[in-house]
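Heads up: the structure comes next, in structure tokens.
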Amino acid sequence: MPTRQDFEMALGLAEEAFRRQDPFEQARKAGVRWVPQPGEKASSGRAEVPFLGTVYTVRGPGGKVGYQGEESSSREPALWESILILHYFNTADGKPLVNEHISFKEIPDGRLYQPNFEKRAVAPLLAAFGKDPAGIVECSKPLGARTAALGDVSITVPVFPRVPVTLVFWRGDAEFPARLTILFDKSIPDYLPTEDMVLSSQMLAFRLAGLAKGKC
């Protein structure tokens, strides 16, 4: 289990990677907005990175992550949030979406992380929506989801601007329980490390389950 020290070290490495890049060019690759600081050097400004309906800011030149509109607030993202936002920003290479789906186990090292992925992302979604998969359509609207034409019920959620995640449900019957497959665009390794695919999928499941609990 990672310690706080582990997270702090990972955050320091991510901030260092941010400082080594051209933030304007990297924002273009990530599909996010870069807002320059008037009168300052080119690396000064902020990137605005949407993640699951919340907009985060990454400030140059240091790479500090915050919430949009709360620059003067004492409220700060959790360490894992800052790391995830920076990893997306730093990893994005600007390649267009392939528009072909792959499952998690087809991702590099996906089989290694598959049990963890099933436990942290698939199981919570089945617990929340397995009895009524159609309910996810309404609950996912606050996250900007659109319906897809797969399985019995499916939606695609823009987890990050260039990381669409598709959830495909098959209803259960007398013989088989409900099933869920989580699919990614084939370009996903160009935008997130495998461990962060697990984390972002877990947070998607957490957000959707929370919306369902609140009756959307």
Side-chain angles (χ1 to χ4, degrees), residues 7 9-37 41-68 71 76-110 113 117 121 143-146 155-167 182-207:
F7 282 118
M9 184 177 298
L11 179 59
L13 291 171
E15 290 174 340
E16 182 180 341
F18 174 87
R19 290 191 290 269
R20 291 197 302 264
Q21 303 183 86
D22 177 345
F24 178 82
E25 176 63 13
Q26 201 58 29
R28 182 193 66 78
K29 292 179 179 180
V32 305
R33 185 182 178 211
W34 175 259
V35 182
Q37 184 71 28
K41 57 185 180 181
S43 61
S44 294
R46 68 179 186 276
E48 297 178 345
V49 184
F51 172 63
L52 290 178
T54 298
V55 179
Y56 295 76
T57 59
V58 185
R59 289 199 163 274
K64 183 175 176 57
V65 178
Y67 295 113
Q68 186 183 51
E71 285 78 5
E76 295 183 352
L79 287 172
W80 68 262
E81 289 177 278
S82 296
I83 294 166
L84 182 58
I85 298 304
L86 281 167
H87 280 181
Y88 171 72
F89 189 86
N90 294 337
T91 304
D93 72 358
K95 290 181 181 178
L97 297 179
V98 179
N99 293 318
E100 291 181 23
H101 289 126
I102 58 173
S103 65
F104 185 78
K105 65 183 178 183
E106 297 174 88
I107 291 166
D109 294 327
Y113 289 97
F117 180 76
L143 304 183
R146 65 180 188 277
I155 59 166
T156 298
V157 182
V159 173
F160 282 107
R162 292 186 175 167
V163 179
V165 175
T166 299
L167 310 180
I182 300 179
L183 300 174
F184 303 88
D185 188 84
K186 201 171 183 179
S187 63
I188 183 68
D190 299 317
Y191 288 92
L192 279 178
T194 303
E195 288 183 71
D196 289 332
M197 296 177 206
V198 178
L199 177 57
S200 57
S201 298
Q202 177 187 7
M203 295 316 300
L204 173 59
F206 178 82
R207 287 292 307 279

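Index from 1, following the sequence.
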(message) Quick check for you: to the nearest 0.5 Å, what is the distance between Asp93 atom CG and Asp190 atom CG?
(response) 4.0 Å
(message) How long is the straight-line distance from OG1 of Thr57 back to CZ of Arg46, given to the nearest 0.5 Å?
(response) 7.0 Å
(request) Tell me, with the steps shown, if Ile182 and Leu204 meet side-chain contact (heavy atoms from CB on, under 4.5 Å). (result) CA-CA 11 Å; Ile182 300 179; Leu204 173 59; over 6 Å; no
(request) On the 0 to 90° scale, with breaks at 30° and 60°, tag the Phe104-Phe117 ring pair as parallel, tilted or perpendicular. (result) parallel
(request) Would you please name every residue forming a side chain to side chain donor-acceptor pair (under 3.5 Å) with Glu81, sequence neighbours left out? (result) Tyr56, Tyr67
(request) Kindly indicate whether the side chain of Val163, heavy atoms from C-beta on, has any atom under 4.5 Å from the side chain of Pro158. (result) no
(request) Indicate yes or no: at least one non-hydrogen side-chain atom of Asn99 is less than 4.5 angstrom from one of Asp185. (result) yes
(message) Between Pro36 and Ser44, is there a side-chain heavy-atom distance shorter than 4.5 Å?
(response) no
Can you list, pair by pair, the side-chain donor-acceptor contacts under 3.5 Å of residues 192-199, counting residues two or more places apart and other chains?
{"residue": "Thr194", "atom": "OG1", "partner": "Pro108", "partner atom": "O", "Å": "2.8"}
{"residue": "Glu195", "atom": "OE2", "partner": "Tyr113", "partner atom": "OH", "Å": "3.4"}
{"residue": "Asp196", "atom": "OD2", "partner": "His87", "partner atom": "ND1", "Å": "2.5"}

(request) Quick one: closest heavy-atom pair of Phe51 and Ser200, and the distance? (result) CE1-CB, 4.2 Å
(message) Taking side chain to side chain donor-acceptor pair (under 3.5 Å) as the definition, give me every residue that meets it alongside Arg19, ordered by chain and number, with sequence neighbours left out.
(response) none
(request) Might you point out which heavy atoms bring Thr156 and Pro164 nearest each other, and give the distance in Å? (result) CG2-CB, 3.8 Å
(request) Could you go through the side-chain contact (heavy atoms from CB on, under 4.5 Å) check for Tyr88 and Arg162 one step at a time? (result) CA-CA 9 Å; Tyr88 171 72; Arg162 292 186 175 167; 3.5 Å; yes
(message) If you count heavy atoms of other groups shown closer than 6.0 angstrom to CZ of Phe7, is the number above 12?
(response) yes
(request) For Phe89 and Pro23, work out which heavy atoms get closest and say how close. (result) CZ-O, 3.5 Å
(request) State, to 0.1 Å, how close Val49 and Val32 come at their nearest heavy-atom pair, and which atoms those are. (result) CA-CG1, 4.1 Å
(request) Please say which of Gln21, Glu15, Lys29 ends up in a side chain to side chain donor-acceptor pair (under 3.5 Å) with Asn90. (result) Gln21
(request) Supply the atom-to-atom distance Trp34 CH2 to Gln26 CD, rounded to the nearest 0.5 angstrom. (result) 11.0 Å
(request) Search all heavy atoms of Ile188 against all heavy atoms of Ile102 and return the closest pair with its distance. (result) CG2-CD1, 4.0 Å
(message) Quick check for you: to the nearest 0.5 Å, what is the distance between Thr54 atom OG1 and Arg207 atom CZ?
(response) 5.5 Å
(message) When you compare the side chain of Lys64 with that of Glu76, does any pair of heavy atoms fall below 4.5 Å?
(response) yes
(message) Using 0.5 Å steps for rounding, measure from the CG atom of Leu52 to the CG atom of Leu84.
(response) 8.5 Å
(request) Taking all heavy atoms of Ser187 and all of Tyr191, pick out the closest pair and write down the distance. (result) O-CD1, 3.6 Å
